[in-house]
Q: 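I have a structure I would like to understand better, so I am pasting it below and will then ask my questions one at a time.
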There are 2 protein chains.
Amino acid sequence: MKRIRSGRPRARVRDAAATRQRLFAAAAAEFAARGFAGASVDRIAAHAGLNKAMIYYHFKSKAALYREIIRDMFEAFGRRVSGVAASAATPADKIREYVDAFAIEAAAHPHFPPIWFREVAEGGAHLDDATVADMALILRSLTAIIDEGVEKKQFSPVNPLLVHAGIVAPVLLYFATAGIRARLERTGVRRVAGIDRAQVVAHVQRVTLGLLEGRIA
Amino acid sequence: MKRIRSGRPRARVRDAAATRQRLFAAAAAEFAARGFAGASVDRIAAHAGLNKAMIYYHFKSKAALYREIIRDMFEAFGRRVSGVAASAATPADKIREYVDAFAIEAAAHPHFPPIWFREVAEGGAHLDDATVADMALILRSLTAIIDEGVEKKQFSPVNPLLVHAGIVAPVLLYFATAGIRARLERTGVRRVAGIDRAQVVAHVQRVTLGLLEGRIA
DNA sequence: GTCTATAAATAGATAGAC
DNA sequence: GTCTATCTATTTATAGAC
C-alpha cells in the first residue's frame, strides 16, 4: 500500500527562502547596473534562473523589491556603524573604524556604491521612513563619536555632516569608479587605476583625524 | 503686385537655436530627476512646450541628446578648472579656486550634481571619448597645481585622485542632498539642513590645504 | 511555488502633411 | 521647423494551469 502524503503540499518546493534570496541578489545587481527605471523585472528573473511571475509572488512589486534592497543597504551600514560607536575603543579608533565600516560593506556588497549614488541623485525618492531612520542612525553614531572626542578634549568640534560627507563620498566614489578609472588610465592619466582599497581607507582616516584632532588651522 | 519671398523658406521659424536650447534645458532637468532610462522624450518635449518629433529633428536620438548634456557638463567643469590651473595665483589659492569651481558650476547648473552622481553609478557608460578627455583634463589640471606646489616646497606630494575625490565628492554631495537633508532634519537630526554653500566650500578648502601643506601627520 | 500566456500601458523612433 | 499619427518593441503586472 502506497503511503499518501498528507498535510500541506510540498511538490517541487525548491525552498522559498532560497528563491527569494536569488531574486534579491539578481535584483541588486540589476538595479546597481541600470537604476530603478532602467531595471527590467524580466532580466532580474532570468538572471536568477526563474520566472518573472516569481518576483510578484515573493515581493509585491518592482518598487517594493527596490525599497527592500535600499532598506537592506542602509540597515547594513547603520548596524555596522552603530556597533562602532558603541564599542570601548578610543574616539580616534572609532573614527578609523567608522571609515573602514563603509569600505568593508562596499567591498562585501559591490552593488552598494552604485545604488547609493543613484539614490542620492534621485533625491531619496524611494526611501521609506524606516530607511530614513537608518540614515539618521548613521549620522547620530558619528555625532556621538565626535561628541565623545570633544568631551575628552581629543577632538575639536566639527559639524558631523561635513565629516560624514568627507568620509562616505570619497570612499564610495572609489568603489563606484573602478571602471571609469581604468578607462582614464588608458587615455594617459596616471596613478588612478592602481590605487588599492587600503590606501584609500588609510588616506580618508588620516585626513578625517587630522581635521578632528585640530591639526588643520 | 505682391512681393514673393525668395530664398530659403522662413515660415514659422521661431528660431531654431532657441528651440534647441529649450529642449536641451528641459532634457537636462528630466535626466537629472529621472536618469537616462527613466527620462521620457515625451515629457522632455512637453516640458519644453514642443513636440516629441523635435527632439529627433534637433538631436539624433535620446542617447545622443543625453551624451550632449554630459559632454556639456564635463566641458563646463573642465574649462573652469583648467583656467584656474593656468592662472598666476599661488598654488594654495589655486586649490581654493579649484574647490570653488565645482561649487560655482553646481550652483549655476542644478542638474549637474544629480547627473554626475548617476553617471558615476552607471560606470561611465554614456561617456564618449571627448568627455573622457575632459575628465582627464580636470585631473591633469589638479595634478599640475599639486606639482607646482610641491616644486615650490609649499605642498607635500599626495595622489591627485585622492585629493580630487576629497573635493568633488563632498561638494557635489552637498548640492545633491538638499532634499534628503531637509527630510533628515524633520526626523530629528540637527545641523544638516541649515549648512550653507560657503561653509561647505570653506571646509573643503581648509581640509584639502591642510592635507597638501603637510599639516596632517 | 512555479510556470505560461497575455493584458494593458508606455516607450523610442519615424513618415508625411503643412 | 514644426506638427499629428502611427509603428514596433518593451514594460509592469496579472490570470490561471499545474
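Just so we're on the same page: letters track the sequence lines, and every chain starts at 1.
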Q: What is the ring orientation for A/His126 with A/Tyr66, classed by angle as parallel under 30°, tilted 30 to 60°, or perpendicular over 60°?
A: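 Correct class here is perpendicular.
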Q: Just to confirm, is there a sub-4.0 Å distance from OP1 or OP2 of C/dT14 to any side-chain nitrogen or oxygen of B/Tyr56?
A: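 No, outside the criterion.
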Q: Can you tell me which nucleotide in C/dG12, D/dT12, C/dG1 comes closest to the side chain of B/Val41?
A: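 Among the listed nucleotides, the one closest to the side chain of B/Val41 is C/dG12.
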Q: Tell me the interatomic distance from A/Lys62, atom NZ, to D/dT14, atom P, rounded to whole angstroms.
A: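 Result: 14 Å.
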Q: Grab the CE-C1' distance between B/Met54 and C/dC18 for me, whole Å please.
A: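 That distance rounds to 13 Å.
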Q: Between atom OH in A/Tyr66 and atom P in D/dT11, what is the gap in whole Å?
A: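 Taking atom P of D/dT11 as the reference, OH of A/Tyr66 is at 18 Å.
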Q: What is the separation between atom NZ on B/Lys52 and atom C1' on D/dT4, rounded to the nearest whole Å?
A: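 Rounding to the nearest Å, NZ of B/Lys52 and C1' of D/dT4 are 11 Å apart.
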Q: Between A/Asp129 and B/Arg183, is there a side-chain N and carboxylate O pair less than 4.0 Å apart?
A: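 Salt bridge present between A/Asp129 and B/Arg183.
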Q: Counting heavy atoms from C-beta on, name the nucleotide in C/dA11, D/dG1, D/dT11 closest to the side chain of A/Ser40.
A: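 When the side chain of A/Ser40 is considered, D/dT11 is the closest of C/dA11, D/dG1, D/dT11.
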Q: Please determine if a side-chain N or O atom of B/Thr19 lies less than 4.0 Å away from the OP1 or OP2 oxygen of D/dG1.
A: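 No, no such contact exists.
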Q: Within the 4.5 Å heavy-atom criterion, are B/Phe31 and B/Lys62 side-chain neighbours or not?
A: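 B/Phe31 vs B/Lys62: side chains touch.
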Q: Flag the pair A/Tyr98 / A/Gln205 as yes when at least one side-chain heavy-atom distance between them is below 4.5 Å, and no otherwise.
A: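 Counting from C-beta outward, A/Tyr98 and A/Gln205 never come under 4.5 Å.
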Q: A/Asn51 has an atom CG; how far is it from atom C1' of C/dG1, in whole Å?
A: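 So the CG-C1' distance, A/Asn51 to C/dG1, works out to 11 Å.
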Q: Can you measure B/Tyr57 atom OH to C/dC18 atom C1' for me and round it to whole angstrom units?
A: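 In whole Å, C/dC18 C1' lies 14 Å from B/Tyr57 OH.
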Q: Just checking B/Ala39: base, sugar-phosphate only, or nothing, at a heavy-atom cut-off of under 4.0 Å?
A: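 It contacts sugar-phosphate atoms only.
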Q: Nearest nucleotide by nearest heavy atom, which residue falls closer to the 5' end of DNA chain D, A/Arg43 or A/Ala53?
A: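 This one resolves to A/Arg43.
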Q: With under 30° as parallel and over 60° as perpendicular, where do the rings of B/Phe102 and B/Phe77 fit, or are they tilted in between?
A: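 If you compare the ring of B/Phe102 with that of B/Phe77, the planes turn out tilted.
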Q: Please give, in whole Å, the distance from D/dT10 P to A/Glu30 CD?
A: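 Answer to the nearest Å: 15 Å.
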Q: Please give, in whole Å, the distance from C/dG1 P to A/Asp15 CG?
A: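 These atoms are roughly 9 Å apart.
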